Amino acid sequence: MPSAEETIVYEDRPDVRPTRRDPVAASGSELIGGPAGRWALRAPSGWLTPVRVVSLVAIGMFALGMVQKMPCYNWAWFRGVNSQYTHACYSDIPHLYVGRGFSEGLIPYVDRLPGDMAFLEYPVLTGLFMQIAAWLDLSGGPIQEQQQTYWMINAGMLMICAAVVAVCVTRTHRHRPWDALLVALAPAFALTATINWDLLAVALTAAAMLMWSRGRTVAFGVLIGLATAAKLYPALLLAPLFLLCWRSGKWREFATATFAAASTWLLVNLPVMLLAPEGWKKFYTFSQERQVDFGSVWLILNQRADAAIEPETANNYAMLLMVLIFVGMAALTLYAPRRPRFAQLAFLVVAAFILTNKVYSPQYVLWLIPLAALARPRWRDFLIWQACEVMYFLGIWMYLAYTTGEKHQGLPAEGYHVAIALHLLGTLYLCAVVVRDILMPDRDVVRQDGSDDPSGGVLDGADDVFAPGRKDDSPHHPATAVRTQWGTAAQSPEKEPAAGPPSDRT
């Protein structure tokens with residue numbers, strides 16, 4: 001039984017439980033007994049709190065993803081190339097255990113590799129993650145057994161990262177914890193979690209978002225710095241933060257977060273920069289020199305056109321597009337009727353990077369899933385996007401099966417282009433509904449409970465200092481306007497009678 005204080009907190013807000021507000025979630029809940037009842041408790045009680053439920057679901061889905069990799073674990077990774085594609089269970093982890101010298105005890109960034117890749121082409125913190133897993137691999141024996149053990153150790157470490165993501169997303173929006181089920185149940189999350197080491201950066205980024213939502217600016221900066229030391233994309237979150245702090249006048253907080261992020265990144269990278277400068281810069285030179293590769297719009301243009309697009313040309317066009325998108329985001333942020341939520345702009349900037357980049361590996365979808373759950377927690381839109389990503393996941397492996405197998409079984413280039421187009425269109429669709437929510441804030445489901453920006457931290461409920469698009473007669477305090485307009489409108493879709501006192505509910 002919840003206390004009176006807990007009940008008051010929940011009773012003065014509209015009911016935002018997904019099974020009461022989202023038709024798709026309500027239909028899906030029939031598998032476990034149907035939507036939450038009229039008299040159901042609305043405050044967490046007992047052992048099965050939202051954090052624990054979401055975490056257990058995320059771990060269960062992660063385990064199913066591991067089961068999906070079992071054909072490769074048992075034999076397909078080690079018997080030719082084609083089988084791991086036809087079974088759609090490829091992973092970089094066992095192959096790079098050998099290919100990047102971990103099986104021989106070589107030190108990342110310091111020791112030169114014997115193959116065509118002179119040094120490890122991953123950022124420093126990811127390299128440390130890979131090395132720790134290699135130190136824990138004490139299997140000995142045949143190389144196949146070592147690769148299997150190395151993958152299993154990495155899977156265990158990545159499962160912890162998945163649990164961290166689930167906990168952080170659950171806690172970021174205080175009054176909407178069940179939105180994190182979007183992350184836990186995302187099929188693309190389970191399918192791609194153990195392809196590579198991206199979940200380390202995703203977990204650190206999710207933790208950073210949680211810290212920012214709690215107003216812990218320094219902790220946010222430190223975590224963004226660590227995440228950027230594991231993967232480059234988390235640094236992009238500072239761009240929308242700059243725009244939001246510009247509109248709200250929170251320059252001190254932005255400067256503190258940026259300084260903490262830069263200092264942390266430098267602190268992590270500096271030892272390797274000094275001891276092994278050639279190995280350290282390999283990640284950055286490899287990213288610049290990498291050819292146009294799988295999953296990008298540039299690959300379609302490359303294979304459709306007579307002349308190949310050079311890496312430098314693709315880099316320049318991608319940079320130009322990102323600059324134009326940032327200018328558009330700046331206009332959107334400053335002229336929107338209400339200041340956008342941090343999660344909305346964070347999703348848009350990372351999605352823009354993915355759409356314009358010259359490569360899209362299947363696991364990159366992990367970057368977007370937590371941000372999508374915070375930016376647009378609506379099951380229909382989320383599942384449309386996920387369906388496109390699952391089709392792309394299958395498409396790339398079938399394309400590789402076609403190009404590497406002697407019988408050419410799978411997808412030819414034309415079919416793979418369709419899969420790429422589905423990925424691009426699905427991501428663009430989700431971007432479009434997020435932009436619509438920004439331009440029409442009454443359509444934003446997160447704000448329908450009277451909130452302003454639950455993941456915004458110091459931005460939540462802050463006054464606008466520079467907002468040329470705001471009308472002179474509009475309220476200067478966003479949170480006040482949200483509660484008076486959207487808080488009431490949120491009740492309209494469903495005329496549910498008010499809940500009784502705590503003693504009457506079961």
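What's counted below: heavy atoms across the whole structure, side chains too, no hydrogens, waters or symmetry copies. No experiment lies behind these values; they were computed from the predicted model shown.
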Inter-residue atom distance Phe62.CZ - Leu199.CG, 0.5 Å rounding: 6.5 Å
Given side chains that start at C-beta, do those of Val202 and Thr205 come closer than 4.5 Å, heavy atoms only? no
Provide the full list of salt bridge (Lys or Arg N to Asp or Glu O under 4.0 Å) pairs with a residue in residues 225-244, sequence neighbours left out, each pair given once. Asp198-Lys231
Under 3.5 Å, is there a donor-acceptor pair between the side chain of Gln386 and the main chain of Ala188? yes
Any sub-3.5 Å donor-acceptor pair from Asp452's side-chain atoms to Gly461's backbone N or O? yes
Can you list the steps and then say if Cys168 with Met209 is a side-chain contact (heavy atoms from CB on, under 4.5 Å)? CA-CA 8 Å; Cys168 291; Met209 292 288 291; over 6 Å; no
Do Phe129 and Tyr122 make the cut of ring centroids closer than 6.0 angstrom? no
Are the side chains of Asp179 and Val169 in touch, meaning some heavy atoms are under 4.5 Å apart? no
Are any side-chain N or O atoms of Gln448 and backbone N or O atoms of Asp442, one a donor and one an acceptor, separated by less than 3.5 Å? yes
Output yes when Asp464 and Arg247 qualify as a salt bridge under the 4.0 Å nitrogen-oxygen rule, no when they do not. yes
Identify, with sequence neighbours excluded, every residue that meets side-chain hydrogen bond (donor to acceptor under 3.5 Å, both in side chains) alongside Asp92. Tyr90, Asn196
Looking at the rings of Phe242 and Phe254, which for Trp means the six-membered one, are their centres under 6.0 Å apart? yes
Residues passing the side-chain contact (heavy atoms from CB on, under 4.5 Å) test with Thr256, sequence neighbours excluded, are Thr217, Val218, Arg252
side-chain contact (heavy atoms from CB on, under 4.5 Å) with Pro454: which residues, sequence neighbours excluded? His173, Arg341, Val446, Ser451
Taking all non-hydrogen atoms of both residues into account, name the closest pair between Ala193 and Leu366 and its distance. CA-CD1, 4.1 Å
Under the rule for side-chain contact (heavy atoms from CB on, under 4.5 Å), what residues qualify as partners of Arg171, not counting sequence neighbours? Val51, Val167, Leu210, Arg214
Would you give the length of the straight line joining atom CH2 of Trp385 to atom CG of Leu383, rounded to the nearest 0.5 angstrom? 10.5 Å
Pairs where residues 431-466 contributes a residue and the test ring pair (Phe, Tyr, Trp, His ring centres under 6.0 Å) is met, not counting sequence neighbours: Trp246-Phe466
Looking at CD1 of Ile354 and SG of Cys431, how far apart are the two atoms once the value is rounded to the nearest 0.5 Å? 9.0 Å
Separation between CG (Leu368) and CG (Leu430), nearest 0.5 Å, reads 8.0 Å
d(Met398 CE, Ile396 CD1) to nearest 0.5 Å is 11.0 Å
Just how far is it from atom OG1 of Thr258 to atom CH2 of Trp251, taken to the nearest 0.5 Å? 10.0 Å
Under the side-chain hydrogen bond (donor to acceptor under 3.5 Å, both in side chains) test, residues paired with Glu253 that sit two or more places apart: none
For the residue pair Phe342 and Leu237, what are the closest heavy atoms and their distance? CE1-O, 3.8 Å
Atom pairs and distances, donor-acceptor, side-chain atoms in residues 312-321, under 3.5 Å, two or more places apart:
unit_1	atom_1	unit_2	atom_2	d
Asn315	OD1	Lys358	NZ	2.9
Asn315	ND2	Gln288	O	2.8
Asn315	ND2	Gln288	OE1	3.4
Asn315	ND2	Pro311	O	3.2
Asn316	ND2	Glu312	O	3.2

Sidechain-backbone polar pair: Ser91 side chain, Thr194 backbone, donor-acceptor under 3.5 Å: yes
Glu414 versus Arg304: any side-chain heavy-atom pair under 4.5 Å? yes
In short, Leu355 meets Val297 closest at the heavy-atom pair O-CG1, 4.2 Å
When you measure from the side chain of Trp298 to the backbone N and O of Thr356, does any donor-acceptor pair fall under 3.5 Å? yes
side-chain hydrogen bond (donor to acceptor under 3.5 Å, both in side chains) with Tyr429: which residues, sequence neighbours excluded? Asp381
Qualifying residues under disulfide bond (SG atoms under 2.5 Å apart), relative to Cys245, sequence neighbours excluded: none
Can you tell if the side chain of Val292 reaches within under 4.5 Å of the side chain of Val359, non-hydrogen atoms only? no
Could you check whether any side-chain heavy atom of Phe393 comes within less than 4.5 Å of a side-chain heavy atom of Val365, counting everything from C-beta outward? no
Between Leu241 and Ala257, which heavy-atom pair has the shortest distance, and what is it? CD2-CB, 4.4 Å
Test log, rule side-chain contact (heavy atoms from CB on, under 4.5 Å), inputs Gln344 and Asp444: CA-CA 10 Å; Gln344 291 174 319; Asp444 184 357; 3.3 Å; yes
Which atom names give the shortest non-hydrogen contact between Pro50 and Pro177, and what distance separates them? CB-CB, 3.6 Å
Side-chain contact test, heavy atoms from C-beta onward, threshold under 4.5 Å: evaluate it for Ser296 versus Ile420 and give yes or no. no
Output all residues satisfying side-chain hydrogen bond (donor to acceptor under 3.5 Å, both in side chains) with Ser455, sequence neighbours left out; order by chain, then residue number. Asp453
Return the minimal non-hydrogen interatomic distance between Val165 and Val183, and the atom names on each side. CG1-CG1, 4.0 Å
Go through the steps for Leu411 and Trp397 under the test side-chain contact (heavy atoms from CB on, under 4.5 Å), then give the verdict. CA-CA 9 Å; Leu411 276 181; Trp397 306 131; over 6 Å; no
Leu424 backbone acceptor or donor facing Tyr392 side chain under 3.5 Å: no
Is there a side-chain contact (heavy atoms from CB on, under 4.5 Å) between Tyr360 and His423 once you walk through the steps? CA-CA 10 Å; Tyr360 179 71; His423 145 65; 3.3 Å; yes
Could you work out, with side-chain contact (heavy atoms from CB on, under 4.5 Å) as the rule, every residue matching Phe353, not counting sequence neighbours? Leu236, Met322, Asn357, Trp367
With side chains defined as the heavy atoms from C-beta onward, is the minimum distance between Pro240 and Thr333 less than 4.5 Å? no
Check whether any side-chain heavy atom of Ile438 sits under 4.5 Å from a side-chain heavy atom of Leu345, and report yes or no. yes
Passing option when Leu204 is tested against Thr228, Ile224, Leu125 for side-chain contact (heavy atoms from CB on, under 4.5 Å): Leu125
